[in-house]
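Please read the structure below before turning to the comments.
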Amino acid sequence: MPVNKTKGFVMTRYPYETSEAKWQKAWEKQACFVAKDPKPGQGKSYILEMFPYPSGRLHMGHVRNYAMGDVLARYRRAKGDAVLHPMGWDAFGLPAENAAIQKGVQPKDWTYKNIASMRKQLKALGFSLDWSREFATCDQDYYHQQQKIFLKLLEKDLIYRKSSQVNWDPVENTVLANEQVVDGRGWRSGALVETRNLEQWFFRITAYAQDLLDALDGLSRWPEKVRTMQANWIGRSKGALVRFAFADEGAPDGFDEGVEVFTTRPDTLFGASFIALSPQHPLTLKLAKSKTEIDDFVKKCAQAGTSEEAIERAEKTGIDTGLSVEHPFIEGKRLPVWIANFVLMGYGTGAIFACPAGDQRDLDFARKYDLPVLPVVLPPGEAAEEYRIYDSAWVGDGRLYNSGFLNGKPVKEAIPLAISELEKLQKGKQKIQFRLRDWGASRQRYWGCPIPVIHCDSCGAVPVPEAELPVVLPDAVSFEQPGNPLDHHPTWKHTKCPICAKPAVRETDTLDTFVDSSWYFARFCSPKADAPVESAAARSWLPVDQYIGGIEHAVLHLLYARFFTRALRDCGLLDLPGGEPFNGMFTQGMVTHETYRDNEGNWLSPEEIVSDGANWKTKNGDRVHVGAIEKMSKSKRNTVDPAVIIEKYGADVARWFVLSDSPPARDVQWTEAGVEGAARFVQRVWAEVCDVAEQPVPQNQSITKGSEPLIRLTHKTVRAVSQDIETLGFNKAVARLYELMNAIRKAKEAGGEMLAARHQATRTLILLLSPFVPHLAESCWEKLGEQDLVAQTPWPVFEVELAEDDTIVIPLQVNGKRRGQLDVIAGLSKDELLDMAMKNPSVQKSIAGLEVKKVIIVPDRIINIVAA
RNA sequence: GCGGAUGUGGCGGAAUUGGUAGACGCGCUGGAUUUAGGUUCCAGUGUCUUACGACGUGGAAGUUCGAGUCUUCUCAUCCGCACCA
């Protein structure tokens, strides 16, 4: 056993290698973390971290995420709550298919193997999870329940089919995800990507748009920024639908009603200089059939990709259709009809009217194609005769001019006036428009939940009868040919129509994995139930009290889950009155690390470099270039494997470090020095406890003058750490715990008088540390002779009087500058404080020769004397 | 392009409601112990200044007795954008 002689006592190294496994076994034997339904009068806490994708290895981001949830779960348990802290696997998805293609393994085998190794890693970290409720979304039972949900939603018309665009790789004959499109080309084939239209399944999330927006106000325990992002994503705007009739030469076939556009600025109609259609607008597609230039233009746009970012960032281009429409207000005025790449088919009607003076994109477009720019809103302080638009559109407030009946009106008044005029002329109407689109959930992929629908030539899309569920994903599939393996599976898709019994084919699309993660939290309440959710269990546990995960899920996952709980409620599947799944939400930051490159610019991993004291070198002695601190990623090779850290330092050190330095919402930088620091802390606690354990257990518990500061600090720390955990301020709790430990170490020298206080402080320290470093805490607890597990010991309590300081320091300011201080007992009156302040020598010196104009006294806080 | 955030010593960060800026940790410096080194322990550590003191929270301005905190503008960096999870 390694021994170190320091200051006369023998310090034993904390043996994490043996103790961590030992305590994990003890917890499991006692079933410490198996959730039991809350008893009457008992509080409940459902603590959940976003479940991981089983990529094969745990990364530091997981460790941080689960460490946070674990601290809260262990704390709430110690406070007496019934706690549900489950774990599962978000197991469907693209990477399994990529692995299948690259390594020739079956996605199922690859996934379950990964789950097994990640489960082992999670267990090695000692998280207080209820493993009895574990499931993976690729478990047949889970997707069976999900297929039931699908059928219910379909029945309720919350799911429907429509045509929409996908990225199409013409070489691989396959649909590409946005992330598989690199610079407009397929990531494997390198072929220019096209957009194609496919019939796909959609969830009608827009049916809840208003409710999803309104309910954000009630989510007081969500980060403000997440609520804002969701509100912007839903994007409610009030505007008008305006119908532009085709001019005399006539409308194209099927467009007799003209072209309808949505606008939030009907006040600027007099400044309209053209209307523009999306490249996917029905009229565009019609025109493309007869005009090759238009067809070419549409094809070119299709290469830009389907992501909104790609469309908006692309250089603005367009083509004149040669058609023209009538201006709704100005008799005889005609506007040309263009097709423009920046008009989104997914928003509004897929067509806009352009007022270049009032919209930057319209202006850029007008300048490029030499279209008229007529200003109609006069900014405050500008003169109508002199005001010109150059390169910047004016989107702010002002008064209308050049605008007929709207002249002189401010924008706010002009908008409703314009709308009522449109309504009077029967050329338009008011419209509330949401940016939110329905959720396209079809994926042309194998490794996902099969959609329980059969396509029949006579009966159409027919739901699979519930009794015939589950539609099981076939096990052995071939990835030899490109495209969806379900589609070219020899037998799987061929079946009979449930209605007419004629030969029919199964839907070969599977569901977006976001569907899987939209209700898993509810499944944890009753993971074995024969219905998606069992209502008694859901009532016991839902909603989730604290959900923790990455900010990257701020919009999509969290919005889909909020939609799902509403949809499930309305189908009678989940009894959640408010409709909200997550009462508390927290988004944690990422784990980052320095990046390294060699002279050739190749990324180097931290294990490949060595320090010569001043600089990093490769093992060959070449220079290493230190780059930016970035999120740990495989491609930059700046990852640190948790397994390596656990091996070298133990799980507690990894947990302590990821929680210690940075605020949990912020990124934390992984550094070797920081880990060493955490390891030192663990050893110091152990050394201290070993020392305390050798002292006789003191009988006299009374407070003496010498021990009072330590006793006060102990109570103060209990209060502060409890509060820090409640508010997820883990880095602050860590700082408090360091402080208490340092005080306990100092108390060693004080000797006899401190024995009782030191013993008590040490016991308290161990309990407060236990959610963070649970294995160490158990070992320390045992060392002090305790029989019970810390995991079953209640949280310490504090006395309010002892958690407050009885003496305080009040700074004395003269003209806002600190000139001295008063050390006084708390609660003195203003007069007493003023008297003492004026007698203070430094204050007297500072105000000598000056006249006191004013004195600000904030009792127990500060005194500021204003003198001139 | 649109939307969201962040910015405080050499580094990570702390600072109820506007009230002592820099808690706590890392690093660094000096000392002690051990000594082959590491470990461990003690002390110091925002900048400038001989001192008195002055300056100091990305930058500029403002409100206030008082601003890291509030307002306006600005710069830089990061995240999301609907088929990655």
Side-chain angles (χ1 to χ4, degrees), chain A residues 2 4-7 11 13 50 52-53 55 90 92-95 98 166-167 175-181 200 205 223-226 228-229 231-233 235 306-314 316 342 346 360-361 364 435-445 512-514 517 550-557 559-560 589-590 592 628 630-631 657 660-663 665-669 671 673-674 676-678 680-681 683-684 687 729 731-732 734-739 742 745 809-818 820-821 853-856 858 861-867:
Chain A
N4 197 345
K5 280 192 178 185
T6 305
K7 291 238 165 167
M11 197 185 85
R13 195 179 138 278
M50 288 179 184
Y53 178 80
S55 59
D90 189 12
F92 276 134
L94 205 47
N98 292 335
V166 293
N167 299 306
V175 175
L176 297 176
N178 281 337
E179 78 156 12
Q180 296 173 315
V181 179
Q200 308 209 64
I205 190 171
E224 185 66 42
K225 61 174 169 180
V226 174
T228 312
M229 284 162 90
N232 289 332
W233 188 264
T306 55
S307 84
E308 192 172 317
E309 185 194 2
I311 292 167
E312 298 244 354
R313 287 175 83 101
K316 286 165 192 58
F342 65 91
Q360 192 60 44
R361 288 179 303 182
D364 294 344
R435 203 184 77 98
L436 183 69
R437 317 199 286 259
D438 276 335
W439 169 17
S442 287
R443 297 292 181 269
Q444 294 68 42
R445 304 189 198 288
D512 179 5
T513 57
F514 270 126
S517 56
I551 183 73
E552 67 275 18
H553 293 294
V555 177
L556 292 180
H557 163 56
L559 194 62
Y560 291 153
M590 298 177 303
T592 62
E630 297 196 54
K631 176 182 179 174
F657 176 72
S660 56
D661 267 357
S662 295
R666 210 91 67 76
D667 291 352
V668 64
Q669 191 194 340
T671 61
E676 296 281 355
R680 220 157 27 229
F681 174 77
Q683 294 301 337
R684 261 184 230 165
N731 58 322
K732 291 190 260 176
V734 164
R736 301 281 191 179
L737 292 165
Y738 267 108
E739 250 172 314
N742 290 342
R745 300 176 84 202
V809 175
I810 298 180
L812 297 174
Q813 293 184 339
V814 176
N815 292 332
K817 303 232 151 115
R818 189 171 184 278
Q821 64 180 45
K853 300 264 185 193
K854 195 174 173 183
V855 181
I856 290 103
V858 184
R861 265 277 136 98
I862 201 161
I863 298 169
N864 189 10
I865 297 163
V866 186

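Chain identifiers are assigned alphabetically (A, B, ...) following the order of the sequence lines, protein sequences preceding nucleic acid strands; residue numbering begins at 1 within each chain. Atom set for the values below is all heavy atoms of this structure, side chains included, hydrogens, waters and symmetry mates excluded.
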A/Thr513 side chain to A/Gly93 backbone, donor-acceptor under 3.5 Å: no

Categorize A/Ser660 for me: base, sugar-phosphate, or nothing, with a 4.0 angstrom heavy-atom threshold over every strand shown. nothing

Just call it for A/Leu94: base, sugar-phosphate, or nothing, with non-hydrogen atoms closer than 4.0 Å on any strand. sugar-phosphate

Mind checking if A/Glu739 touches a base, just sugar-phosphate, or nothing, with heavy atoms under 4.0 Å? sugar-phosphate

For A/Leu812 and B/rG19, what is the distance between atoms CG and P respectively, to the nearest whole Å? 17 Å

If we call it a pair only when both distances are under 3.5 Å in a Watson-Crick or G-U wobble match, what pairs with B/rG19? B/rC65

Nucleotide forming a Watson-Crick or wobble pair with B/rA36, both distances under 3.5 Å: none

So, does A/Asn731 get its side chain near the phosphate of B/rA14, meaning an N or O under 4.0 Å from OP1 or OP2? yes

Geometric class of the A/Tyr560/A/Phe514 ring pair [parallel <30°, tilted 30-60°, perpendicular >60°]: perpendicular

Base, sugar-phosphate, or nothing: which does A/Gly440 touch, judged by heavy atoms less than 4.0 Å apart? sugar-phosphate

Which part of the nucleic acid, if any, lies within contact of A/His553, taking any heavy atom under 4.0 Å across all strands shown: a base, the sugar-phosphate backbone alone, or nothing? base

Return the value, rounded to whole Å, for the distance between atom CZ of A/Arg684 and atom P of B/rU40. 7 Å

Partner nucleotide, any strand, of B/rU77 [Watson-Crick/G-U, under 3.5 Å]: B/rA5

Here the distance between atom P of B/rG13 and atom OH of A/Tyr738, to the nearest Å, is 16 Å

Spacing between A/Lys225 atom NZ and B/rC79 atom C1', to the nearest angstrom: 9 Å

Provide the Watson-Crick or G-U wobble partner of B/rG44, both distances under 3.5 Å; none if there is no partner. B/rC28

Using a strict cut-off of less than 4.0 Å between a Lys/Arg side-chain nitrogen and an Asp/Glu carboxylate oxygen, indicate whether A/Glu308 and A/Arg435 qualify as a salt bridge. yes

Who is the Watson-Crick or G-U wobble partner of B/rA51, with both distances under 3.5 Å? none

Which part of the nucleic acid does A/Pro52 contact within heavy-atom distance under 4.0 Å: base, sugar-phosphate only, or nothing? nothing

So, OP1 or OP2 of B/rG25: does either fall under 4.0 Å of a side-chain N or O from A/Arg736? no

Pairing partner (Watson-Crick or G-U wobble, both distances under 3.5 angstrom) of B/rA85: none

Atom-to-atom span, CD of A/Glu552 to P of B/rA82 - whole angstrom: 15 Å

P gap between B/rU35 and B/rG46, integer Å: 35 Å

Regarding A/Ala554, tell me which of base, sugar-phosphate or nothing describes its non-hydrogen contacts under 4.0 Å with the strands shown. nothing

Here the distance between atom C1' of B/rA85 and atom CG of A/Asn178, to the nearest Å, is 14 Å

Report which part of the nucleic acid A/Val175 touches: base, sugar-phosphate, or nothing (heavy-atom distance under 4.0 Å, all strands). base

Which part of the nucleic acid, if any, lies within contact of A/Lys732, taking any heavy atom under 4.0 Å across all strands shown: a base, the sugar-phosphate backbone alone, or nothing? sugar-phosphate

Does A/Asn742 place a side-chain N or O at less than 4.0 Å from the phosphate oxygens OP1/OP2 of B/rG25? yes

Base, sugar-phosphate or nothing for A/Leu436? Non-hydrogen atoms, less than 4.0 Å. base

Have a look at A/Gln444 and say if it touches a base, only the backbone sugar-phosphate, or nothing, with a 4.0 Å heavy-atom cut-off. base

Atom-to-atom span, NZ of A/Lys817 to P of B/rA67 - whole angstrom: 10 Å

Hey, does the side chain of A/Asp438 reach the backbone of A/Ile205 with a donor-acceptor pair shorter than 3.5 angstrom? yes

Taking the side chain from A/Asp364 and the backbone from A/Lys316, do they hold a donor-acceptor pair closer than 3.5 Å? no

Backbone N or O of A/Gly816 within a donor-acceptor pair of the A/Asn864 side chain at under 3.5 Å? yes

Distance check: side-chain N/O of A/Arg437 vs OP1/OP2 of B/rA82, anything under 4.0 Å? no

Without decimals, in angstroms, what is the distance between A/Asp661 CG and B/rG25 P? 11 Å

Base, sugar-phosphate, or nothing for A/Val809, non-hydrogen atoms under 4.0 angstrom? base

Tell me if B/rG58 is syn or anti. Syn = glycosidic torsion within 90° of 0, anti otherwise. anti

Whole-Å C1' distance, B/rG3 and B/rG53: 49 Å

Categorize A/Phe514 for me: base, sugar-phosphate, or nothing, with a 4.0 angstrom heavy-atom threshold over every strand shown. base

Can you tell me how far OG1 of A/Thr671 sits from CZ of A/Phe657, rounded to the nearest 0.5 angstrom? 4.5 Å

Without swapping roles, check the side chain of A/Glu312 against the backbone of A/Glu309 for a donor-acceptor pair under 3.5 Å. no

